[in-house]
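Each remark here refers to the structure printed beneath this line.
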Amino acid sequence: MKYFYLPAAILALLLGLSLWNAHAVEAETDAWCETVEAARAAARDGDLAAAEASMRTLDRDWQARRRFYHSILEHDELDDAEEFYARALSALEEGDGGAFLAETAALAAQLRVLAEMQGLKLENIL
């Protein structure tokens, strides 16, 4: 029976860390989606400077966590998010509000996908 406790403790620790990781990723991506929504609202109001400031804040936060996300998530999904960000910023710099809104909508959706990938769901386990 004593050989059961160590493996059970390790499994419990791994489950706890997985739950913590899923919660942390969801909280960060929710905050990033709020930042994207703030940028979208500013762009809809015609305030492209505020939209750019929000996007720069998002980039700063993203770069601070980039290494961590590259260690826990699929690189293709992260590359897609970075591509949407770059295209949104390019549209913003060109003053194309419509393209900016389209790219930021795709970016927000991709950020939600990142959170879903870390959720404790049956399809993620299998």
Restricting to non-hydrogen atoms, name the atom on [X] and the atom on [Y] that form the minimum distance, rounded to 0.1 Å.
X	Y	result
F84	E103	CD2-OE1, 3.6 Å
A51	A42	N-CB, 3.7 Å
L101	A43	CD2-CB, 4.2 Å
C33	L111	SG-CB, 3.9 Å

Under 4.5 Å side-chain heavy-atom separation, chaining through any Ile, Leu, Val, Met, Phe, Trp or Tyr, what else clusters with W20? Say none if it is isolated.
none
If hydrophobic residues (ILVMFWY) are linked whenever their side-chain heavy atoms come closer than 4.5 Å, directly or via other members, who joins L17 in its cluster?
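L13, all in the cluster of L17.
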Does a salt bridge link R87 with E83, judged by any charged N lying under 4.0 Å from a carboxylate O?
yes
Just wondering, more than 12 heavy atoms not from E93 lying within 6.0 Å of its CD?
yes
Check side-chain contact (heavy atoms from CB on, under 4.5 Å) between [X] and all other residues, then give those that pass, not counting sequence neighbours.
X	result
A27	none
A86	none
L78	W62, Y69, H70, L73, L114

Not counting sequence neighbours, list each pair that qualifies as a side chain to side chain donor-acceptor pair (under 3.5 Å) and has a residue in residues 30-44.
R40-T104
